[in-house]
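A, B, ... follow the sequence lines: proteins, then strands. Residue 1 opens every chain. Just so it is clear, the structure is predicted and the values come from calculations on it, not from any experiment.
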Protein chains: 2
Amino acid sequence: MVKVAIDAMGGDLGPAPIIEGTLQALQEFSFKPILVGDKSKISPFVPKDRASSIEIVHSEDFIKMDEGATGALKRKDSSIYVASNLIKEGSAECVVSAGHSGATMSIATLKIGRVKGVLRPAIASHMPTVRGKNSLIVDAGANVDCKAEHLLQFALMGIEYMKCVMGIPNPSVGLLSNGEERSKGNELTKESYKLLERLENFKGNVEGANIFDGSVDVVVCDGFTGNIVLKTSEGVADAITTLLKQHIKSSTTSMLGALFMKSAFRNLKKNIDYAEYGGAPLLGIDGNVIICHGKSNAKAIKNAINQAIISSEYSLPLHILESIERFDTKEHKKEEEA
Amino acid sequence: MVKVAIDAMGGDLGPAPIIEGTLQALQEFSFKPILVGDKSKISPFVPKDRASSIEIVHSEDFIKMDEGATGALKRKDSSIYVASNLIKEGSAECVVSAGHSGATMSIATLKIGRVKGVLRPAIASHMPTVRGKNSLIVDAGANVDCKAEHLLQFALMGIEYMKCVMGIPNPSVGLLSNGEERSKGNELTKESYKLLERLENFKGNVEGANIFDGSVDVVVCDGFTGNIVLKTSEGVADAITTLLKQHIKSSTTSMLGALFMKSAFRNLKKNIDYAEYGGAPLLGIDGNVIICHGKSNAKAIKNAINQAIISSEYSLPLHILESIERFDTKEHKKEEEA
């Protein structure tokens, strides 16, 4: 049974939704949860009849959201440090955390280590599309300054995630650029294009709008651009919601209309709600780490645990290892033939 | 009276909305329109009683949307080339074009020339915010690879545009980055931060979401990132519209609700419709050039003409010249003092 270490402390809303999500996950999936954090704060949320199926590993400390990620590396008794250590020492296969994402990334990379051959672990973020299925952005924020070989690996890792966890047989890849033509792009994307076009299912450059129209399964970019895309998307969705609410409130007819449209709005919310899929996998780590939104509710945690379990059951890190080795071998063969 | 050269040919919808927009502008603003393009295609749309107030300058050729921008520089009889030439020879102060934006940018830069001291002209794009007023992104796509000194000039030019054309007394500036803290950013933005913080009203780093919440008036970034932001925003808005329409259609109650909400949706559309402000000014050119969306309707063209007139009346290029000179002098003084 997959053992999932769950950081119970770092989230914006405290341990309650994290433990509630764990309990929900236990009803649906088969796994062994290990809650990491302050035992005195965790225990009250664990019902007596479930206590036997949930292990608690005590840790005194946790990284607060407004702290720097650098100092976090020394905080050996923090919940995320202890959770990552459980993977290192073989007591768990997965970590799920809604805590400080920078700290989670640094500590996971340091303690668990990278998959052999991976230059830079990357964060992958699910994006909603009009076709129902999600697209995946890699890198969504881990690496601000990148080289072409990093973007190539982001593509390889994204492909393996979409295969293993999302069950897509032959995921397509697009390179995020400022135009579809091959001639478009900045220095980094033009260089990356040359490497990416060696991939079987590379669809060339894609534009910002293609993230949401389902043109490709994996959208590759540097982490600076990825972060801007994520925050811009959230900003637009929030602005539209705010403006629409203002207009609805200003007219009684509209308020009535909004009541009738309740189910349509609810369905739309579901389309764009990250809680529906869980969290952002940290790809390239020699373990299965899911970074959740700080404000994750129980549903988000439940689904993140599911992502972690599937990643582990399908040995995602091993697939990433093989994919990178395969590509390197292909490259060497090509060079030898040349 | 300000003379505005209007490229009547290049738009996706042909000359009709461009000429209609010009006629609407004539009813509201005081200017001298010069329609540039194929006389035989323009004349039928000009009512006889308005013929005396509209000059037509004939050009045989025009740049189609799917053509490359490079070849366009040699097409001396294209409508945008002829229109730009009118500024060069002093027969007009402004150009408004809904044609090929890359070609417009290249030809305008080449024929009209840059304001003295400007390293790279940049496209500025109005973005809607929840506070009603627009924010301005510079650069929205003209320069994919930038240096810190370019971003500084984008800020200076954006400030002058917001002052002259939007009437904002002391526009604030934010640097688009992957986090608000000073330590966040890629190599380019970290370098740019050091230059930008010398500006009086620099608010530091801003994130993607801040573009739409009205935190700052001018958002500075390289043109690659700016293009991604623009296309991502359009993509999110389109996806939300598409998904909501799907949900509305799937339920009769929702369809009824949508009818009642018609005015709220109409107001929302107005909030995010580029036609409401016009087009994207090309800043740093020694003339007033407004680049319109290829699919611009008459209202967008009318408002773009208004932008061009105000830019010209307030001598935007002169203000940009002075701002850049002022900053350079200040820098030299600082260096001398040091």
| message | For the interface with chain A, which of Pro128(B), Gly141(B), Ala237(B), Ser177(B) has the highest count of heavy-atom pairs at distances below 4.5 Å? | response | Ser177(B)
| chain B contact via Asn178(A) - which portion, at a heavy-atom distance below 4.5 Å | both
| said: Under 4.5 Å from any heavy atom of chain B, what part of Ser183(A) do you find: side chain, backbone, both or neither? | reply: neither
| Leading residue by heavy atom contact count with chain B [cutoff under 4.5 Å; candidates Ile248(A), Asn271(A), Ile240(A)] | Asn271(A)
| query | At a heavy-atom separation under 4.5 Å, does Asn267(A) approach chain B through its side chain, its backbone, both, or neither? | reply | both
| message | Checking the side chain of Asp139(A) only, and the main-chain atoms of Asp222(A) only, is there a donor and an acceptor separated by less than 3.5 Å? | response | no
| query | Just by distance, do the side chain of Ser135(A) and the backbone of Gly214(A) share a donor-acceptor pair under 3.5 Å? | reply | no
| message | Heavy-atom cut-off 4.5 Å, strictly under: side chain, backbone, both or neither for Thr225(A) against chain B? | response | side chain
| request: For the pair Glu276(B) (side chain) and Asp273(B) (backbone), establish whether a donor and an acceptor sit closer than 3.5 Å, ignoring hydrogens and angles. | output: no
| said: Can you confirm if the NZ or CZ of Lys262(B) lies within 45° of the ring axis of Phe260(B) and under 6.0 Å from the centre of its six-membered ring? | reply: no
| said: Let's test your reading of the structure: which of Thr232(B), Val144(B), Asp238(B) forms the most heavy-atom pairs below 4.5 Å with chain A? | reply: Thr232(B)
| Whether Asn143(B) side chain and Cys146(B) backbone form a donor-acceptor pair below 3.5 Å | no
| request: Go through Val236(B), Leu259(B), Leu256(B) and name the one with the most non-hydrogen pairs under 4.5 angstrom from chain A. | output: Val236(B)
| task | Step through the shown structure and confirm whether more than 12 heavy atoms of other residues, nucleotides or ligands are within 6.0 Å of CE on Met65(A). | result | yes
| query | What option among Leu176(A), Leu243(A), Asn186(A) has the most heavy-atom pairs under 4.5 Å with chain B? | reply | Asn186(A)
| request: Select, from Asn210(A), Thr242(A), Leu244(A), the one with the greatest count of heavy-atom pairs under 4.5 Å involving chain B. | output: Leu244(A)
| remark: Separation between CE (Met162(A)) and NZ (Lys133(A)), nearest 0.5 Å, reads 7.0 Å
| Do you know which of Gly185(A), Ser251(A), Ser263(A) has the most heavy-atom pairs with chain B at a distance under 4.5 angstrom? | Gly185(A)
| Considering only heavy atoms, which portion of Thr189(B) lies under 4.5 Å from any heavy atom of chain A: side chain, backbone, both, or neither? | side chain
| message | Taking side chain as everything from C-beta outward and backbone as N, CA, C, O, which of these in Thr253(A) sits under 4.5 Å from a heavy atom of chain B? Side chain, backbone, both or neither. | response | both
| Roughly how far, to the nearest 0.5 Å, is the OH atom of Tyr274(A) from the CG atom of Leu230(A)? | 12.0 Å
| query | Which of the residues Leu188(B), Ile272(B), Ile228(B) is involved in the greatest number of heavy-atom pairs with chain A at under 4.5 angstrom? | reply | Ile228(B)
| task | In plain terms, say whether Glu187(B) and Lys190(B) are close enough for a salt bridge, that is, a side-chain N and a carboxylate O under 4.0 Å apart. | result | no
| query | Does the pair Glu207(B)/Lys184(B) count as a salt bridge with the N-to-O cut at 4.0 Å? | reply | no
| query | Does any heavy atom of chain B fall under 4.5 Å from the side chain of Glu181(A), the backbone, both, or neither of them? | reply | neither
| field | Distance-minimising heavy-atom pair for Asn134(B) and Tyr277(B) | value | ND2-CD2, 3.5 Å
| request: Could you check which of Asn227(B), Leu268(B), Asp145(B) has the highest count of heavy-atom pairs closer than 4.5 Å to chain A? | output: Asp145(B)
| task | Give, as side chain, backbone, both or neither, the part of Ile211(A) having an atom under 4.5 angstrom from any heavy atom of chain B. | result | side chain
